[in-house]
Amino acid sequence: MAAPADVASAARSGEPGVSHSAMSGQEPPLIACHECDAIYRREPIARGAKATCKRCGALLYRGLPDSLDRSLALYLASLVLLIIANTFPFLALKVGGIVEQDHVIGGGLALVDFGMAELGLVVFLTSIAFPFITIAGTLYLLIASRLDVVAPGMRLTYRVVNALGSWSLIGVFLLGTLIAIVKLKDLATVVPGPGLFALFALVVVYAAARTGFDPEVVWRPLRLRRLTEADLPSAGQLLHCHSCGLLNRGTQHPHPQCARCHAPLHPRLANSVQRTWALMAAAVVMLIPANLLPVMTFKKLGQGEPSTILGGVVHLVEDGAWGLGLIVFFASVAVPVAKLISLGMLLRSFRSGATWRPKDRTALYRATEMIGAWSMIDVFLVALLAGLVSLGLVASIEPGLGVTFFGAAVILTMFAAHSFDPRLIWDHADLAGQSGDPVPTAVDPSR
Ligand SMILES: [Zn+2]
Ligand SMILES: [Zn+2]
């Protein structure tokens, strides 16, 4: 792990001349940590290495020299796999002479049939539409960069792709599918189709595509001159773009825009604290019916009781599927509650002007944001089961109203985590730094 040289103190006080390479002509551009706003020189690092923030530990960038062709290949493969996963049969159920086939889209459609169009739309968007837009959009930007042309609409495409990335939940969908297969194995023979194998491959290839993607390569055709240390004395209060990561000069404009992707710039996310509290309160309200109302009714030979989220966990454990029962418990019960508690704690610590352990609190925020989407497992599970199991008198699965409330709660907690600005944690920590607490050192002497 290589940490780039830190010029945070120079950026704050406006002192020029920190860098020994300042006069070399090939000055590295400046970047800001998106979680704590510390400023660094973006120096080249070894292939496969990671540059992390010395102050908060966030990943700044990876060593990905010449990643363009590899990214192109991986995103193209992801697109092909996504199309195969969605056009070929995905799962089939066999009971006696009855065979039921289903496609990936079947789960969302089944929810619509049961009068839950909103939830069906959420399932369709997160498992098919958003992944497609993200992958195809990134591919478009990569091809333009390879041809060295400024693609029409590239700024909007980048902002859309960047915003939808965290809502593309194919990995969560796959895990939901595996749990559905285990749940159905006593009822019928489950036959995986080509769509399922493509989905497996897609999850692996897409993960590799995302880690190997350097967003900087898509901006190359713009030939934009980036801020360096030499610009600091005249740059004013620097503004970090949340969308593309460009460090922008300070401006007097009331609604400043990023010079590269044209996203609106804010020193801090607007009304972050109030908005996060409001979204959390709404999520708590949704979680109550989500846990009290049944999420589905499983009928076998005309017999069956509606079951709640916890009931479903108990059912998995009784069936001997301990591991999956634990996964569903963590994803559906523990994660939403832990998320609300940790966000509440972060907000309270900000309100009280807390200065303690900012690095750990940032790490807590990072974990909160990352795990949230996995709670969607239960929503996908119910959708898949409802889509697959309609074997007339033999068996049927009907989604319950609880799953709609649960889906709403999960989405609200995800919005809440996105609306919290982790840099707030460091605003108080910085003030404390002036009275003797640790602040980042000026230049890493090892470089
Ligand atoms: Zn940081
Ligand atoms: Zn930008």
Side-chain angles (χ1 to χ4, degrees), residues 1-12 29-43 50-62 137-138 141 145 150-151 153-165 214-227 235 238-251 253 255-269 346 355 357-370 420-430 432-433 437-442 444:
M1 183 183 76
D6 183 345
V7 293
S9 59
R12 260 185 230 108
L30 295 181
I31 54 165
C33 170
H34 57 276
E35 289 181 14
C36 78
D37 244 4
I39 291 172
Y40 296 92
R41 289 198 298 268
R42 185 180 162 125
E43 298 202 19
K50 282 182 193 171
T52 52
C53 176
K54 276 201 250 176
R55 191 159 74 162
C56 76
L59 175 68
L60 295 170
Y61 57 93
R62 292 170 192 272
T138 310
L141 295 171
S145 176
V150 179
M154 77 176 290
R155 293 179 170 90
L156 178 67
T157 308
Y158 184 88
R159 298 204 309 271
V160 169
V161 160
N162 184 57
L164 294 185
D214 179 3
E216 294 299 324
V217 300
V218 308
W219 300 109
R220 267 183 211 158
L222 280 184
R223 307 266 186 281
L224 200 79
R225 193 191 156 275
R226 299 179 63 184
L227 289 184
L238 301 175
L239 286 167
H240 172 231
C241 172
H242 254 292
S243 182
C244 77
L246 182 77
L247 203 56
N248 287 263
R249 282 175 183 277
T251 163
H253 198 280
H255 303 291
Q257 250 190 0
C258 173
R260 189 162 71 175
C261 74
H262 293 182
L265 296 171
H266 319 274
R268 295 290 176 267
L269 289 181
L346 290 170
T355 57
R357 298 169 73 173
K359 190 171 179 176
D360 291 339
R361 281 187 287 146
T362 312
L364 176 68
Y365 169 71
R366 208 173 298 139
T368 305
E369 207 193 13
M370 208 174 64
F420 179 75
D421 192 335
R423 294 173 298 176
L424 296 175
I425 297 170
W426 294 90
D427 288 344
H428 290 307
D430 282 354
D437 274 58
V439 282
T441 50
D444 185 350

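One-based numbering, in listed order, for ligands and for the atoms of each. Index from 1, following the sequence. Treat the numbers as computed from the prediction; the structure is a model and nothing was measured.
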Asks: How far does CG of Leu265 sit from NE2 of His253, to the nearest 0.5 angstrom?
Replies: 11.0 Å
Asks: Just grab all the side-chain hydrogen bond (donor to acceptor under 3.5 Å, both in side chains) pairs involving residues 155-164, residues at least two apart or on different chains.
Replies: Arg155-His262
Asks: Measuring from Leu346:CG to Thr362:OG1, what's the distance to the nearest 0.5 Å?
Replies: 8.5 Å
Asks: Drop me the distance from Leu227's CG to Arg249's CZ, to the nearest 0.5 angstrom.
Replies: 5.5 Å
Asks: Before giving the answer on side chain to side chain donor-acceptor pair (under 3.5 Å), spell out for Trp219 and Ser145 the whole-Å C-alpha distance, their side-chain angles and the decisive distance to 0.1 Å.
Replies: CA-CA 7 Å; Trp219 300 109; Ser145 176; over 6 Å; no
Asks: Applying side chain to side chain contact (heavy atoms under 4.5 Å, CB included) to Leu247 and Leu30, what does each step give before you reach the verdict?
Replies: CA-CA 7 Å; Leu247 203 56; Leu30 295 181; 3.8 Å; yes
Asks: Donor-acceptor pairs are to be reported for all side-chain atoms of residues 239-246 against protein atoms at under 3.5 Å, with residues two or more places apart or in another chain.
Replies:
from   : atom 1 : to     : atom 2 : distance (Å)
His242 : NE2    : Arg423 : NH2    : 3.0

Asks: Among protein atoms, how many N/O/S atoms lie less than 2.8 Å from the Zn ion (ligand 1)?
Replies: 4
Asks: Give the total of protein N/O/S atoms at a distance below 2.8 Å from the Zn ion (ligand 2).
Replies: 4
Asks: Less than 4.0 Å between a side-chain N and a carboxylate O, is that true for Arg268 and Asp37?
Replies: yes
Asks: Please name the pair of heavy atoms, one in Leu60 and one in Tyr40, separated by the smallest distance, quoted to 0.1 Å.
Replies: CD1-CD1, 3.7 Å
